[in-house]
Amino acid sequence: TADGQEQLLEAIDESVRTMRAHLGEDAAQITSSEPLPQVSTSSLPALRAYALAEKAIGQRDYATATELYAAALEADPGFALAHVGNARLLWRLRDLGGAREHLAIALQRRDGLPLRERLYLDAWSEELSRRGWATERWEALAKLYPDFTAGPSNASLYLLMDNRFAQSEQYARQAGYSRHPMRMFPLVHLARAQLAQGQYQQALQVLDEVDQLIGNGRQHDLRGDVLAAGGDVDQAQQLFQQAAIGTDPGARSMALRGLLSVGAARQDCAQMQDSARQMRDSLKDAPGISSLHAEVSVQVAQLCQGRGQL
């Protein structure tokens with residue numbers, strides 16, 4: 001049963017912790033290590049591949065995550081949350097059609113899942129719908145299952161977009177300071193909420209933690225926004241330029257938006273218009289209202305000294 005599967009995973013986690021303690025491993029290191037995901041699958045190889053895929057996404061290594069989700073589904077073709085993982089990844093990569101296909105497969109298995117996973121599926125179903133605004137569903141999941149990181153993490157994102165920064169910060173802290181392999185994302189939400197409230201130094205400190213989780217010496221593109229808001233426009237420009245040539249479509253569009261903002265601060269119409277053009281092109285097939293945001297940016301850039309047409 002679903003409840004039996006969750007109890008088995010908890011027992012495995014506890015057994016691993018006990019074994020590591022007996023082998024002399026430091027207690028603090030054992031406590032800080034990431035637990036196995038509590039998701040419904042009878043295949044331990046599928047569970048391991050899924051856990052590694054989640055960790056890869058947390059490090060923004062989407063190519064590796066793609067291969068690992070595929071391995072999880074090869075080990076257990078009926079693994080609903082591996083299909084959701086694929087849907088979430090494809091959504092991030094702007095492949096809305098592929099995301100909906102994987103979600104549809106997962107929804108076929110909905111009735112056999114525990115309540116927590118059914119609510120998670122319902123939230124993603126709303127997320128990928130034409131309405132695409134799942135605030136209430138993510139908040140409900142966060143309140144019913146506060147230890148299930150997806151709930152508070154996604155609730156913090158939607159509250160952030162709704163300009164409810166204090167509420168967003170509460171959920172972001174709850175999810176960001178968990179042991180979930182994708183805790184980088186709610187920490188970014190926390191830094192965004194702090195930025196919106198003018199707490200620039202606190203936001204930079206949170207982004208230091210984010211950069212450690214990403215690894216490889218990379219810096220999150222939000223750092224440019226914080227630096228620009230704090231008056232360090234030159235360093236912000238450098239960070240945005242680096243992110244704008246990357247392969248992550250989400251990070252690239254955010255960097256182009258940042259370059260547009262820096263251009264506005266410098267009254268550099270050419271930079272504004274060039275950044276807006278590139279952002280429109282990169283978001284033309286994006287899900288939700290992202291393409292509308294890009295079109296608004298184009299119109300704003302056109303207003304710069306009333307020059308030219310894009």
Side-chain angles (χ1 to χ4, degrees), residues 60 62 90-97 99 127-128 130-133 135 156-165 168 185 188-200 203-204 207 210 218-310:
R60 300 170 93 173
Y62 301 140
L90 291 168
W91 172 83
R92 183 168 293 279
L93 295 175
R94 307 274 162 75
D95 182 355
L96 187 56
E127 186 95 36
L128 294 178
R130 291 189 179 276
R131 177 175 179 267
W133 197 260
T135 310
S156 72
L157 174 61
Y158 273 92
L159 291 167
L160 184 66
M161 292 190 289
D162 203 27
N163 296 332
R164 290 187 274 170
F165 303 124
S168 172
F185 294 107
V188 171
H189 305 163
L190 173 58
R192 289 192 188 282
Q194 291 169 330
L195 168 61
Q197 297 172 91
Q199 300 167 2
Y200 306 136
L204 288 173
L207 288 173
V210 170
R218 291 174 293 175
Q219 292 184 314
H220 194 276
D221 46 279
L222 179 61
R223 187 177 293 273
D225 290 294
V226 180
L227 290 169
D232 193 345
V233 179
D234 290 339
Q235 190 175 351
Q237 170 99 1
Q238 292 177 11
L239 288 175
F240 288 139
Q241 287 174 333
Q242 291 170 6
I245 59 175
T247 57
D248 180 345
R252 184 170 184 273
S253 62
M254 293 299 289
L256 289 168
R257 180 198 52 75
L259 286 171
L260 190 152
S261 299
V262 169
R266 290 175 164 168
Q267 298 186 5
D268 184 340
C269 296
Q271 176 168 317
M272 287 183 66
Q273 293 169 358
D274 182 59
S275 300
R277 271 195 300 268
Q278 291 187 61
M279 186 162 65
R280 179 178 60 189
D281 292 343
S282 70
L283 292 174
K284 63 182 179 181
D285 298 320
I289 60 174
S290 297
S291 58
L292 178 60
H293 288 169
E295 193 57 46
V296 170
S297 298
V298 168
Q299 299 304 318
V300 170
Q302 283 181 337
L303 296 175
C304 185
Q305 298 183 6
R307 294 179 182 174
Q309 295 292 318
L310 292 175

Discussion item. Is any side-chain heavy atom of Val298 closer than 4.5 Å to one of Arg277?
Written reply: no

Practice prompt. Tell me, please, which residues at least two apart from Gln197 pass side chain to side chain contact (heavy atoms under 4.5 Å, CB included).
Written response: Phe165, Glu169, Ala193, Gln199

Discussion item. I need the minimum non-hydrogen distance between Leu256 and Ala244, along with the two atoms involved.
Written reply: CD2-CB, 4.2 Å

Discussion item. Checking Arg252 now: which residues fulfil salt bridge (Lys or Arg N to Asp or Glu O under 4.0 Å) with it, not counting sequence neighbours?
Written reply: none

Practice prompt. List in chain and number order the residues that pass side chain to side chain contact (heavy atoms under 4.5 Å, CB included) with Leu159, two or more places apart in sequence or in another chain; answer none if no residue qualifies.
Written response: Thr135, Glu139, Arg164, Gln167, Ser168, Tyr171

Worksheet item: Where is the tightest heavy-atom contact between Ala276 and Ala301, given as atom of each residue plus distance?
Response: CB-CB, 3.8 Å

Discussion item. Ignoring hydrogens, what is the shortest heavy-atom contact between Met272 and Gly263? Give both atom names and the distance.
Written reply: CG-C, 3.6 Å

Worksheet entry | Minimum heavy-atom distance Ser253-Met279, with the two atoms named | O-SD, 3.6 Å

Item to complete: Show the numbers, then the answer: is there a side-chain contact (heavy atoms from CB on, under 4.5 Å) between Met254 and His220?
Response: CA-CA 11 Å; Met254 293 299 289; His220 194 276; over 6 Å; no

Discussion item. Using the side chain to side chain contact (heavy atoms under 4.5 Å, CB included) criterion, which residues pair with Ser261? Sequence neighbours excluded.
Written reply: Arg257

Worksheet item: Just how far is it from atom CD of Gln278 to atom OG of Ser297, taken to the nearest 0.5 Å?
Response: 12.5 Å

Item to complete: Check Leu157, Leu160, Val210 against Val188 for a side-chain contact (heavy atoms from CB on, under 4.5 Å) and give me the one that passes.
Response: Val210

Worksheet item: Between Gln237 and Gln271, do the side chains contain an N or O donor and an N or O acceptor separated by less than 3.5 Å?
Response: yes

Response to the item:
By side chain to side chain contact (heavy atoms under 4.5 Å, CB included), Leu195 pairs with (sequence neighbours left out) Tyr200, Leu222, Asp225, Val226, Ala229

Worksheet item: By salt bridge (Lys or Arg N to Asp or Glu O under 4.0 Å), which residues pair with Asp232, not counting sequence neighbours?
Response: none

Worksheet item: Nearest heavy-atom pair of Asp221 and Phe240: which atoms, and what distance?
Response: O-CE2, 3.7 Å

Worksheet item: Is there a donor in the side chain of Asp234 and an acceptor in the side chain of Gln238, or the other way round, less than 3.5 Å apart?
Response: no

Fill in: Atom pair CD (Gln235) and CG (Leu227), whose distance is rounded to the nearest 0.5 Å
5.0 Å

